[in-house]
Amino acid sequence: MRLRNVRGAREVLAESSYVEAEPEANRGTWKAVFGNEHPIHMEIGMGKGKFLLELAILHPEINYIGVEMYASVLVRAVQKLEEVPEIPNLRFLNVPAESLETMFAPGEVDRLYLNFSDPWPKARHAKRRLTSPVFLKRYEGILKEGGLVEFKTDNRELFEYSLSSVETSGWRLAAVTFDLHSDRVLCRGNVMTEYEQKFSERGQAICKLVAVRR
């Protein structure tokens, strides 16, 4: 699906205190950016920011970073923040996920969230999937030992691919469900994304896995 360009999006992002303009300069010093020693959780492909915004409000004891490569999408999240009080434990990056190792030191991130990522259904595009072995290797470069990746999707084929990818990449599967909203344990404290809410209202089951970096 082609994204609609939002005129002036990059200018809005450049003026926002929530968007880090030169994230490479913060490599290894992100806790200093937030001004505390709290753990860092990151969402890759954060979209319009509903999920991350709610988490940041619910958990001030955690620092959150949202990654979104499309300025026309990220600007919607920035605009939402104009409607709420300042949230000091939240930052955004307008960068591709492929570049994260240049912005974060080994072990600097505690947890990653992947929510309703692009399935890239064609086999020749498999390496672009955010749960591919290629990306899992990148995550190993920034996650601490024992760090988590939490992945949610409505796409059963992508989910089964992701289960296989996690296992073959040497990660440990800590939790798996093919119907999140019927799982009393994994659904506890669940925060829904825009897509999750829409798909759930249609009666579509939501799959979730939690993988641990060894």
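Numbers here simply count residues along the sequence, with the first being 1.
Here OG1 of Thr29 is found 6.5 Å from CD of Glu108. Values are rounded to the nearest 0.5 Å. Considering CG of Asn63 and CZ of Phe34, their distance stands at 4.5 Å, rounded to 0.5 Å. For the atom pair NZ of Lys144 and CD1 of Ile40, the computed distance is 11.0 Å after rounding to the nearest 0.5 Å. One finds the CD atom of Glu15 at 9.5 Å from the CG atom of Leu13 (value rounded to the nearest 0.5 Å). Interatomic distance, CG of Leu209 versus CG of Leu186, reported as 10.0 Å (0.5 Å rounding). Atom CZ of Arg128 sits about 15.0 Å away from atom OG of Ser117, to the nearest 0.5 Å.
In terms of hydrophobic clustering, with Ile, Leu, Val, Met, Phe, Trp and Tyr side chains grouped at heavy-atom distances under 4.5 Å, Leu112 and Tyr64 are assigned to different clusters. When hydrophobic clusters are built by joining Ile, Leu, Val, Met, Phe, Trp and Tyr residues whose side-chain heavy atoms come closer than 4.5 Å, directly or via intermediates, Leu55 is not grouped with Ile65. A continuous path of hydrophobic side-chain contacts links Val84 to Val12 [ILVMFWY only; heavy atoms under 4.5 Å]. Met46 is connected to Val78 through a chain of hydrophobic side-chain contacts under 4.5 Å among Ile, Leu, Val, Met, Phe, Trp and Tyr, so both are in one cluster. In the hydrophobic clustering of this structure, Leu114 does not group with Val134; members are Ile, Leu, Val, Met, Phe, Trp, Tyr whose side-chain heavy atoms approach within less than 4.5 Å, directly or through other members.
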Quiz item: Are Glu86 and Tyr18 close enough, and set up right, to give a side-chain contact (heavy atoms from CB on, under 4.5 Å), and what steps lead you there?
Solution: CA-CA 10 Å; Glu86 184 179 356; Tyr18 287 99; 3.8 Å; yes

Practice problem: Step by step, work out the salt bridge (charged side-chain N to carboxylate O under 4.0 Å, His left out) result for Arg91 and Glu20. | Solution: CA-CA 7 Å; Arg91 296 290 190 279; Glu20 291 294 323; 3.3 Å; yes

Quiz prompt | Full working for side-chain contact (heavy atoms from CB on, under 4.5 Å) between Arg213 and Glu145 | solution = CA-CA 6 Å; Arg213 181 190 172 238; Glu145 185 176 346; 3.8 Å; yes

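No side-chain donor-acceptor contact under 3.5 Å links Asp154 to the backbone of Ala205. Remark: the backbone N or O of Glu101 is paired with a side-chain donor or acceptor of Arg27 at under 3.5 angstrom. Formation of a donor-acceptor pair under 3.5 Å by the Glu22 side chain with backbone atoms of Glu24 is not found in this model. No donor-acceptor distance shorter than 3.5 angstrom exists from the side chain of Glu43 to the backbone of Tyr113, with no hydrogens or angles considered. Under the 3.5 Å distance criterion, the side-chain polar atoms of Arg10 are left unmatched by any main-chain donor or acceptor of Ala71. Using a distance-only test at 3.5 Å, with no hydrogens or angles considered, a donor-acceptor pair links the side chain of Asn89 to the main chain of Ala56. Between the side chain of Glu54 and the backbone N or O of Val191, no donor-acceptor pair lies under 3.5 Å. For Ser169 (side chain) and Val166 (main-chain N/O), no donor-acceptor pair under 3.5 Å exists by modelled atom type.
The heavy-atom pair separating Ala77 from Gly47 by the smallest distance is CB-O, 4.4 Å. Nearest heavy atoms, Ala126 versus Ser132: O-CB, 3.4 Å.
Surrounding CD of Glu61 are more than 12 heavy atoms belonging to other residues, nucleotides or ligands, all under 6.0 Å away. By the 6.0 Å contact criterion, NZ on Lys31 is enclosed, its count of non-hydrogen atoms from other residues, nucleotides or ligands being greater than 12. Crowding of Lys80 atom NZ: a count of heavy atoms from other residues, nucleotides or ligands under 6.0 Å exceeding 12.
Test Leu100, Leu93, Thr102, Asn94 against Pro23 for side-chain contact (heavy atoms from CB on, under 4.5 Å) and you get one pass: Leu93.
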Under 3.5 Å, which donor-acceptor pairs do the side chains of residues 171-181 form with other protein atoms, sequence neighbours left out?
from, atom 1, to, atom 2, distance (Å)
Trp171, NE1, Glu140, OE2, 3.0
Thr177, OG1, Asp179, N, 3.1
Thr177, OG1, Asp179, O, 3.4
Asp179, OD2, Ser182, OG, 3.0
His181, ND1, Ser200, OG, 3.2
His181, NE2, Glu196, OE2, 2.7

Tabulate below the donor-acceptor pairs under 3.5 Å that side-chain atoms of residues 156-163 make, not counting sequence neighbours, or state none.
from, atom 1, to, atom 2, distance (Å)
Arg156, NE, Glu160, OE2, 3.1
Ser162, OG, Thr131, OG1, 2.6
Ser162, OG, Leu158, O, 2.7

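For the pair Ser99/Met103, a side-chain contact is recorded, criterion being any heavy-atom separation below 4.5 Å from C-beta on. At a threshold of 4.5 Å between non-hydrogen side-chain atoms, the residues Phe104 and Leu143 do not count as touching. Taking the side chain as every heavy atom from C-beta outward, His41 and Leu148 never approach each other to under 4.5 Å. Contact check for Phe135 versus Glu98: side-chain heavy atoms found under the 4.5 Å cut-off. The shortest distance between side-chain heavy atoms of Val210 and Glu150 falls below 4.5 Å. Two residues are said to be in side-chain contact when any heavy atoms from C-beta on lie closer than 4.5 Å; Tyr139 and Val109 fail this criterion. No side-chain heavy atom of Met42 sits under 4.5 Å from any side-chain heavy atom of Arg111. Contact annotation: the side chain of Leu81 approaches that of Leu90 to within less than 4.5 Å [non-hydrogen atoms, C-beta and beyond].
Between Asn190 and Lys152, the side chains place a donor N or O and an acceptor N or O closer than 3.5 Å (distance only, hydrogens not considered).
For residues 82-103, the set of pairs meeting the ring-ring contact (aromatic ring centres under 6.0 Å, His included) definition, not counting sequence neighbours, is empty.
In this structure, Arg202 is not positioned above the aromatic face of Phe199 in the sense of NZ or CZ being under 6.0 Å from the six-membered ring centre and within 45° of the axis.
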